[in-house]
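Structure record follows, encoded as structure tokens.
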Amino acid sequence: MYGFRIVDKLQKIDEDIKRNQLKYHNKRVMISKEFTFDAAHHLHAYEGKCKNLHGHTYKVIFGISGYPDERGLMMDFADLKEIWKQEIEVHLDHRYLNETLPPMNTTAENMVVWIYEKMHEALQKEERQEQYLGARVEFVRLYETPTSFAEARREWMELE
């Protein structure tokens with residue numbers, strides 16, 4: 001009943017839809033993207049297995065909000081990936097975190113705030129503020145294992 005069909009005519013810009021129709025609303029929206037990285041670390045002042053050098057495949061999820069541009073895009077997912085790759089992941093992937101992060105105990109709780117701050121700094125750059133209208137980090141969630149994560153949220157970070 002609901003089978004696949006080929007469209008009769010591919011919609012064309014300025015012919016079937018006008019450029020001023022591309023943006024449907026002026027509401028703040030949030031996009032989200034997740035990334036993974038592999039890294040080694042150990043914890044200080046901790047009695048348990050994690051005091052020994054070990055590794056994880058971490059998962060990071062970003063929630064970034066802002067206002068859509070004239071095309072109806074808040075931010076291209078590829079742009080978010082580029083920020084991650086160039087400005088954050090380089091400090092994390094296949095690294096010894098105790099060495100590459102600022103002096104801290106490399107707990108998920110400490111790391112998620114550092115990742116939040118790095119993304120916040122990246123979005124605050126003048127060229128990005130002009131390109132992405134009102135872009136801000138809403139949350140960062142860092143999974144250390146598939147069932148254990150730490151989270152930083154904008155409302156918590158702005159309270160400090």
*Determine whether Met157 and Met119 fall in the same hydrophobic cluster, where Ile, Leu, Val, Met, Phe, Trp and Tyr are linked whenever their side-chain heavy atoms lie under 4.5 Å apart.*
yes
*Within the distance-only criterion (no hydrogens, no angle test), does the side chain of Arg95 pair as donor or acceptor with the backbone N or O of Val90 below 3.5 angstrom?*
yes
*Could you note down all residue pairs passing ring-ring contact (aromatic ring centres under 6.0 Å, His included) where residues 125-154 supplies at least one of them, sequence neighbours left out?*
Tyr143-Phe149
*asked:* Do Phe62 and Val29 land in one hydrophobic cluster if side-chain heavy atoms of ILVMFWY residues count as linked below 4.5 Å?
replied: yes
*Qualifying residues under salt bridge (Lys or Arg N to Asp or Glu O under 4.0 Å), relative to Glu127, sequence neighbours excluded*: none
*More than 12 heavy atoms of other residues, nucleotides or ligands under 6.0 Å from CD of Gln21: is that the case?*
yes
*Look up atom NZ in Lys51 and atom NZ in Lys49, then write down how far apart they are to the nearest 0.5 Å.*
13.0 Å
*May I ask you to check whether over 12 heavy atoms, not counting those of Lys18, lie within 6.0 Å of atom NZ?*
yes
*asked:* With clusters defined by side-chain heavy atoms of hydrophobic residues (ILVMFWY) lying less than 4.5 Å apart, directly or transitively, does Val112 cluster with Met104?
replied: yes
*Closest contact, heavy atoms only, Ser65 versus Arg28*: OG-NH1, 2.7 Å
*Would a 4.5 Å heavy-atom cut-off, applied to side chains only, mark Arg128 and Gln124 as touching?*
no
*Please examine the side chains of Arg154 and Val137, heavy atoms only from C-beta on, and report whether any two atoms are closer than 4.5 Å.*
no
_A side-chain contact here means heavy atoms from C-beta on lying under 4.5 Å apart; do Val113 and Trp156 qualify?_
no
*What orientation do His44 and His42 show, parallel under 30°, tilted 30 to 60°, or perpendicular over 60°?*
perpendicular
*With a 4.5 Å heavy-atom cut-off, do Thr100 and Leu92 have their side chains touching?*
no
_Around atom NE2 of His120, are there more than 12 heavy atoms from other residues, nucleotides or ligands closer than 6.0 Å?_
no
*Non-hydrogen atoms of Met111 and Phe37 that approach each other most closely*: CE-CZ, 4.2 Å
*Consider only side-chain heavy atoms of I, L, V, M, F, W and Y, link residues closer than 4.5 Å, and tell whether Leu133 and Ile83 are in one cluster.*
no
*Where do Ala40 and Leu53 come nearest, in terms of heavy atoms and distance?*
CB-CD1, 4.1 Å
_Minimum heavy-atom distance Phe77-Ser32, with the two atoms named_ = CE2-O, 3.6 Å
*Counting only heavy atoms not in Lys12, do more than 12 fall under 6.0 Å of its NZ?*
no
*Taking Asn110 for its side chain and Thr106 for its backbone only, find out whether a donor-acceptor pair lies under 3.5 Å.*
no
*Look up atom OH in Tyr58 and atom CG in Asp93, then write down how far apart they are to the nearest 0.5 Å.*
12.0 Å
*For the atom pair CD1 (Ile115) and CG (Leu142), what is the distance rounded to the nearest 0.5 Å?*
4.5 Å
*Does the distance from a Lys or Arg side-chain N to an Asp or Glu carboxylate O, for Glu70 and Lys23, drop under 4.0 Å?*
no
_Closest non-hydrogen atom pair, Arg141 against Glu151_ = NE-OE1, 2.7 Å
*Pairs involving residues 73-83, ordered by first then second residue, that meet salt bridge (charged side-chain N to carboxylate O under 4.0 Å, His left out) (sequence neighbours left out)*: none
*Got Glu34 and Trp84 here, is their nearest side-chain heavy-atom distance under 4.5 Å?*
no
_Between the side chains of Glu158 and Arg136, is the shortest nitrogen-to-carboxylate-oxygen separation below 4.0 Å, so that they form an ion pair?_
no
_Please tell me whether Met74 and Ile61 are part of a single hydrophobic cluster in this structure, the criterion being side-chain heavy atoms less than 4.5 Å apart._
no
*Expected output: side-chain His41 to main-chain Leu97 donor-acceptor under 3.5 Å*: no
*Any donor-acceptor pair under 3.5 Å from Asp38 side chain to Gly55 backbone*: no
*Hey, does Leu101 have a side-chain heavy atom less than 4.5 Å from the side chain of Trp114?*
yes
*asked:* Any non-hydrogen side-chain atom of Phe35 less than 4.5 Å from a side-chain atom of Lys59?
replied: no
_Distance-minimising heavy-atom pair for Ile31 and Met75_ = CD1-O, 3.6 Å
